[in-house]
Amino acid sequence: MKLKYALMSPWMLAAAMLLPLMARAQKKQPKPNVIFIYADDVGYGDLSSYGATKISTPNIDRLGKEGIRFTNAHASSATCTPSRFALMTGKYPWRQKGTGVLPGDASLIIPTNQLTLPAIFQNAGYKTGSVGKWHLGLGDTNKQINWNKPISKGPNEVGFDYAFFFPATSDRVPTVFIENHEVQGLDPADPIEVDYSGKIGKEPTGLENPDLLKLPASPNHGHNNTIVNGIGRIGWMTGGKQARWTDEEIAHVFLSKAEQFIEDNHKNPFFLYFSLNDIHVPRMPSMQFKGKSKMGLRGDVILQMDWTVGEILKKLDELKIADNTLVIFSSDNGPVLDDGYADRAVELAKGHSAAGPLRGGKYSAFEGGTRVPWLARWPRGIKPGIVSDALICQIDMMASFAHFLNQKTGSEEAVDSFNVMEAILGKSLTGRSWLIKQGGALSITQGNWKYIEPREGKAVAELTNIETGANPKPQLYDLSKDIGEKNNLAEKYPAKAKAMAAELEKVRTAGRSH
Ligand code: NG6
Ligand code: CA
């Protein structure tokens, strides 16, 4: 025995000998890579693992088979921008003005001085990347974006080391890709200008030149401004001809950038936010998938999305990092069939329920608006084949990963995010006890009960034909018996409805959940 050990008590001795062993064991457990694949507008019933029979999504389903599939996971909101805001900040979007669906020329809505989900990973030594749809605004507040110069603020300023993205949605101008701060492929002699208040430049619009459209707009939705690639967009743009994307290539372009990021960073822990354009409108699959489903373009882009996930899994195998990579797949809001283009999604969906057994869809306060697929695989950390009905929300990613990576959040940060890491990894089948969701009206879920606050408005949205959940009377549902929210029990159980309304009010006025 060495001299230094001779002077120790038996306990100290044991500790001194064990510590290096423990350190070595810890070394053997490097931090997992995390890939969050965020699909757009994918409904609770759109995947075969969630009951779809008219379409097959084997690659996404595989995540659940080899890991965990959630039946009660949620986006914070029934549209894109607010759900993404919640994911990135851990704060309910309805606490901050201007977090609704953003135009393509909006300013960045995430404060740059606050901790974000990617910044937590950065602080824990990860390389962070954002590839795909952004839709959280760019540049300084109230300042017009100059698309022809480096853009001052965006993903890089809120925690991403690398970003390749488009600004808003594929139905909104400008229809260009941005890498970090710069529009890609821009010819300085053909500068980009964007306007959302009126026509700019001389290019044809869907309204004036419907004969030029390869994908006609649905009447009254307003996707009839500047035509790019034969598709009328929301908003007007001029210039930047060389930089404009071809819709049929978007999925492949994003995938190749995601793969490159993984490859470049596979030797150190990385966090990749992979935010797909699929299956948002305009649904323009590549030739590889066009006509491959029996459900028209919407079905084709579901297949394309599933293929994309399969390619990511292949890449992880190829790099031999699958074992220690946590891959999560989820969606930013519920499904919509007619969202602006005459792609025959409604008539071709026959027999396919995009929201599964749920009522409503995108934009709705009913479950169809926010209850979304969530599957996750991490061979080293999640047992295969778990189906969990734990209540979790994307807003919880922040507190969960902060805890997991031993990172602190300040008192003004992640104020609505709960640590549900045990549930995310399937170590516990219990998640949160309550959650507030937004789909026009706010609702609060507590255990099996869901209360939707009264709200004036059309019961069915005219354009999308989706039940909004708006009702001037309070609504109360027992989700354990009535997942389709058909039976309003507010009058039968007025005390319950009142208590839940009070709880919702308490959280709203407190400005925080904890
Ligand atoms: C809506 C658009 C819809 C879609 C949505 C955003 C109209 C009538 N409809 O305002 O087509 O672009 O915004 O979708 O303009 S989301 O998934 O990004 O929230
Ligand atoms: Ca969306």
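Atoms within a ligand are numbered from 1 in the order they appear, just like the ligands themselves.
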I'd like to know if Lys290 pairs up with Glu248 as an ion pair, taking the criterion as any Lys NZ or Arg NE/NH1/NH2 lying under 4.0 Å from an Asp or Glu carboxylate oxygen. no

Show me which atoms of ligand 1 lie under 4.0 Å from any heavy atom of Asp171. 3 (C), 4 (C), 11 (O), 12 (O)

Would you mind checking if Asp396 and Arg432 are paired as a salt bridge, meaning a charged N to carboxylate O distance below 4.0 Å? yes

Under 4.0 Å to a heavy atom of Asp40 - the qualifying atoms of ligand 1, by number: 17 (O)

Can an N or O of Leu463 be found at a distance shorter than 3.5 Å from an N or O of ligand 1? no

Using a strict cut-off of less than 4.0 Å between a Lys/Arg side-chain nitrogen and an Asp/Glu carboxylate oxygen, indicate whether Asp247 and Arg233 qualify as a salt bridge. yes

Answer yes or no on whether Lys450 is positioned over the face of Tyr477, meaning its NZ or CZ is under 6.0 Å from the six-membered ring centre and within 45° of the axis. no

Are Phe121 and Phe401 an aromatic pair, judged by ring center distance below 6.0 Å? yes

Would you please indicate yes or no on a ring centroid separation below 6.0 angstrom for Phe254 and Phe166? yes

Under a 4.0 angstrom heavy-atom cut-off, which atoms of ligand 1 come close to Val101? 6 (C), 13 (O), 19 (O)

Pair Arg508 + Glu453, salt bridge at N-O below 4.0 Å: yes

What atoms of ligand 1 come closer than 4.0 angstrom to any heavy atom of Ile234? 15 (O)

Taking both backbone and side-chain atoms of Thr79, is any N or O found less than 3.5 Å from an N or O belonging to ligand 1? no

Of all the non-hydrogen atoms in the protein, which one sits nearest to atom 5 (C) of ligand 1, and at what distance? Tyr363 OH, 3.4 Å

Considering distance alone, does some N or O of Thr81 sit under 3.5 Å from an N or O of ligand 1? no

Which atoms of ligand 1 are found less than 4.0 Å from any heavy atom of Asp41? 17 (O)

Apply the salt bridge (charged side-chain N to carboxylate O under 4.0 Å, His left out) test between Arg298 and each candidate in Asp343, Asp46, Asp41; give the one that qualifies. Asp46

Do Glu462 and Lys458 meet the salt-bridge criterion of a basic N to acidic O distance under 4.0 Å? yes

Ring-ring centroid check Phe36 Tyr38, cutoff 6.0 Å: yes

To which protein heavy atom is atom 9 (N) of ligand 1 closest, and what is the distance rounded to 0.1 Å? His223 CE1, 3.8 Å

Which atoms of ligand 1 sit under 4.0 Å from any heavy atom of Thr169? 18 (O)

Check this for me, if you would: do Asp300 and Arg283 make a salt bridge, where the nitrogen-to-carboxylate-oxygen distance has to be below 4.0 angstrom? no

Looking at Asp211, I'd like to know if its CG atom is crowded, meaning that more than 12 non-hydrogen atoms belonging to other residues, nucleotides or ligands lie closer than 6.0 Å. yes

Proximity of Tyr44 and Tyr50 rings by center, below 6.0 Å: yes

At under 4.0 Å between heavy atoms, which part of Asp339 makes contact with ligand 1: side chain, backbone, both or neither? both

Close N or O approach (Lys133, ligand 1; < 3.5 Å): yes

Quick check on contacts: which atoms of ligand 1 are under 4.0 angstrom from a heavy atom of Asn333? 17 (O)

To the nearest 0.1 Å, how far is atom 8 (C) of ligand 1 from its closest protein heavy atom, and which atom is that? His221 O, 3.0 Å

Atom 16 (S) of ligand 1 - nearest protein heavy atom and its distance: Cys80 CB, 3.2 Å

Relative to Phe366, does Arg359 satisfy both conditions: NZ or CZ under 6.0 angstrom from the six-membered ring centre, and within 45 degrees of the ring's axis? yes

Identify which of Arg172, Glu462, Lys362 has a heavy atom lying nearest to atom 17 (O) of ligand 1. Lys362

Taking NZ, NE, NH1 and NH2 as the nitrogens, is one of them in Lys153 or Glu157 under 4.0 Å from a carboxylate oxygen of the other? no

Excluding water, the protein N, O or S atoms sitting under 3.0 Å from the Ca ion (ligand 2) are Asp40 OD1, Asp41 OD1, Asp332 OD1, Asp332 OD2, Asn333 OD1

The atoms of ligand 1 lying under 4.0 Å from a heavy atom of His135, numbered in the order shown, are 18 (O)

